[in-house]
Amino acid sequence: MNEFSDIQASRRAVLKAGAVSAGAAVVPSLGLAQAAARPAGAPVLASVSFSVNGKMQRLDVDTRTTLLDVLREQLHLTGTKKGCDHGQCGACTILLDGRRINACLTLAVMHEGAKITTIEGLGTPDRLHPMQAAFIKHDGYQCGYCTPGQICSAVAVLDEIKRGVPSHASASLVEQPLLSPDEIRERMSGNICRCGAYSNIVEAVTEAGGRP
Ligand code: FES
Ligand code: FES
C-alpha cells in the first residue's frame, strides 16, 4: 500500500464524512429557524478559499460538490478530466499541497487554504514542465484523456521517491532501484490508460526522473 493508496477512501465514505462535517459547519450559521425551513435536499452553500495554480479563489460552493466539479465547472479548468467519478481511474489526479489526490473523491469545501495545482498550472505551451516534455517526447499518450492525470501523478511520484516515501513494491524489495520500470508501474498503478500507452508512460517518467 503506497501513500497514494492510503489517500484513497471510498467515495461513499468521503462524501458521507464531508457532508456531515460540512453540514455541521454551515447549518449553525444559518440559524435554527432557517435550517428548519430549508426544504429537504436543498443545497447548502458555503464559502471556501484556496489557491489554484497560484491564484487565490474565493468561491461559494454547494457543500456536496466535489473538488473535481468545482475545478471543471466553476473555474473552467477542464484539463483535469472526469473518467469514472469514483476514484478508480486517476483521470482527475491533481496536486493538493504537493501531494497527488483524486479530485473526484474529495469535497471542495474541505480544502480551505489549500494550494492546488492542476495540469494547467504545471507548465505552459511555451514552457512545458519537464514531465510534460517527456510525455511528448516518448508518445506517452494516444487519445490524451488520461494524460493530465498521468502527468500530475508522475510529478508526485518523483517527489515521493525524493522524499523516501515507500511504495508497496519498494517496501518489500529494499534493493529495488527506485526508478525501475516495475517501481514506476507500481507507483502509477492508480492511473488507468484505456489506450494502453503504459510502456511509453514508463519511458517518459524514467526520463523525467533522470534516467539511471
Ligand atoms: Fe476520479 Fe476516475 S474520475 S478517479
Ligand atoms: Fe487514451 Fe490514456 S491516452 S486513455
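Every number for a ligand or one of its atoms is a count from 1 in the order of the listing. Remember, it's a predicted structure, so these values are computed and weren't measured experimentally. Count residues from 1 along the sequence.
Here is the list of ligand 2 atoms found below 4.0 Å of a heavy atom in G144: 1 (Fe), 3 (S). Per-residue contacts place C104 under 4.0 angstrom from the following atoms of ligand 1 (heavy atoms of the residue considered): 1 (Fe), 3 (S), 4 (S). Residue C146 approaches ligand 2 through these ligand atoms, each under 4.0 Å from one of its heavy atoms: 2 (Fe), 3 (S), 4 (S). Contact atoms of ligand 1 toward C89: 2 (Fe), 3 (S), 4 (S) (distance under 4.0 Å to a heavy atom of the residue). Interface of Q88 with ligand 1, defined as ligand atoms under 4.0 Å from a residue heavy atom, comprises 4 (S). Within ligand 1, the atoms closer than 4.0 Å to a non-hydrogen atom of C84 are 2 (Fe), 3 (S), 4 (S), numbered from 1 in the order shown. Near G87, meaning under 4.0 Å from one of its heavy atoms, ligand 1 places the atoms 4 (S). Of all atoms in ligand 2, listed by their number and element, those nearer than 4.0 Å to a heavy atom of R194 are 4 (S). Below 4.0 Å from some heavy atom of C92 lie the following atoms of ligand 1, by number and element: 1 (Fe), 3 (S), 4 (S). Those atoms of ligand 1 with a heavy atom of D85 less than 4.0 angstrom away are 2 (Fe), 3 (S).
With hydrogens and angles left out, the side-chain atoms of S153 and R100 include a donor and acceptor closer than 3.5 Å. Under the 3.5 Å distance criterion, with hydrogens and angles disregarded, no donor-acceptor pair is assigned to the side chains of T78 and R72.
For the pairing with S51, the side-chain contact (heavy atoms from CB on, under 4.5 Å) check across Q57, H111, K115 returns one residue only, K115.
Separating the CD atom in E73 from the OG1 atom in T65 is a distance of 8.5 Å, to the nearest 0.5 Å. Remark: Y141 OH to Q150 CD distance equals 13.0 Å, nearest 0.5 Å. For the atom pair CG (N191) and SG (C89), the distance works out to 8.0 Å, reported to the nearest 0.5 Å. The distance from atom CG of L68 to atom CG of D85, rounded to the nearest 0.5 Å, is 6.5 Å.
Under 4.0 Å from ligand 2, heavy atoms of C143 appear from its side chain as well as its backbone. Proximity of N102 to ligand 1, defined as any heavy-atom pair under 4.0 Å, is confined to the side chain (atoms from C-beta onward).
C104 places none of its side-chain heavy atoms less than 4.5 Å from the side chain of K82. In this structure, V202 and R185 have side chains that are in contact, with non-hydrogen atoms separated by less than 4.5 Å.
Scanning the protein for heavy atoms near atom 3 (S) of ligand 2, the closest one is Q142 N, 3.1 Å.
For C195, every N, O or S atom stays at 2.8 Å or more from atom 2 (Fe) of ligand 2.
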